[in-house]
Amino acid sequence: MSGWTQEVYGRAHRGGHIETVKKNLKELSEARIRGNHYDIFVGVSYHMYNDNLGDELNKMREYAESLGYVFMLSWGRTICIENTVQALRHLEAKRNGSVRPYEIGKDGMDLNTMFPPAKPEFLKSMERLRFHPEKAAAFYSRWPVSPVCLIADVFCEIRWDGRVQLCAWTDDMRLTLGNYLEMTQEQISAARRGHPLCKECLRYRLNYYFHITDCTNGMGCWITRLPITTH
Ligand code: SF4
């Protein structure tokens with residue numbers, strides 16, 4: 001979640017109602033107490049933006065902890081590769097006058113015509129981010145540059161219909177690699193290698209931006225580099 005009030009929560013969770021979320025959190029907590037299920041880990045993950053810190057964050061932390069949940073923090077990021085790459089290419093073209101075209105895929109896939117242009121709403125929502133994806137290259141400069149994305153081989157995103165997605169952070173169903181039950185891990189990895197979207201993603205070093213978490217407490221804390229100001 002990303003706010004205590006509807007006004008702030010609704011900025012990132014379009015169509016969501018924070019009072020419903022709070023009510024459900026309370027019901028779940030009560031069910032946990034009734035069933036004596038303290039052995040089940042339940043965490044509340046709060047995405048931080050430039051405009052939802054301070055009271056918004058502190059009130060939600062207080063509420064979540066009062067219900068017995070572990071409160072976890074991570075910086076909001078634009079985790080949708082297609083939109084993020086398109087947005088970065090748009091910004092690069094604006095800065096430099098042009099951007100190189102996507103390479104054509106082995107199967108003839110042409111992302112130059114397949115993806116819609118970056119949407120103004122998306123570009124605007126990026127302004128809320130403390131950690132803009134344009135900073136990824138500098139932020140992760142101490143991590144080795146790799147011509148292939150090894151991290152994506154660790155996660156295998158299988159869609160409801162059994163097809164393997166290019167990676168966990170893509171949504172477009174045209175970006176699938178084949179049927180999970182008919183492929184070996186080696187074949188899945190080979191199908192991902194050299195994909196034109198991966199090449200752009202790696203060029204901007206978004207593979208790290210998407211995959212390395214920066215929780216500040218709770219589980220899965222790999223790194224924390226940005227100062228958190230909640231007051
Ligand atoms: S390079 Fe980017 S798009 Fe390709 S698998 Fe890795 S994170 Fe996903």
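Read the numbers this way: they start at 1 and go in the same order the structure lists the ligands and their atoms.
Within a 6.0 Å sphere centred on NZ of K106, other residues, nucleotides and ligands contribute more than 12 heavy atoms.
Look at C198 and atom 4 (Fe) of ligand 1: an N/O/S atom of the residue is under 2.8 Å from the metal. At a cut-off of 2.8 Å, C201 coordinates atom 2 (Fe) of ligand 1 through an N, O or S atom. Atom 8 (Fe) of ligand 1 has no N, O or S atom of C149 closer than 2.8 Å.
Note on E200 versus R100: salt bridge recorded, some NZ/NE/NH1/NH2 to OD/OE distance being below 4.0 Å. A salt bridge does not link D51 with R130: none of the charged nitrogens is closer than 4.0 Å to a carboxylate oxygen. Using a cut-off of 4.0 Å between Lys/Arg side-chain N and Asp/Glu carboxylate O, E27 and K22 are scored as not salt-bridged.
Neither the backbone nor the side chain of H195 comes within contact range of ligand 1; no heavy atom lies under 4.0 Å.
The I81 neighbourhood of ligand 1 comprises atoms 2 (Fe), 3 (S), 7 (S), 8 (Fe), with distances under 4.0 Å to a heavy atom of that residue. Proximity to C167 (heavy-atom distance under 4.0 Å) selects the following atoms of ligand 1: 3 (S), 5 (S), 7 (S), 8 (Fe).
Scanning the protein heavy atoms around atom 7 (S) of ligand 1, the nearest turns out to be H211 CE1, 3.3 Å.
Relative orientation of the Y9 and H13 rings is parallel, given thresholds of 30° and 60° on the angle between their planes.
Under a 4.0 angstrom heavy-atom cut-off, L197 registers as lying outside contact with ligand 1.
Between F71 and Y46, the distance from one ring center to the other falls under 6.0 angstrom.
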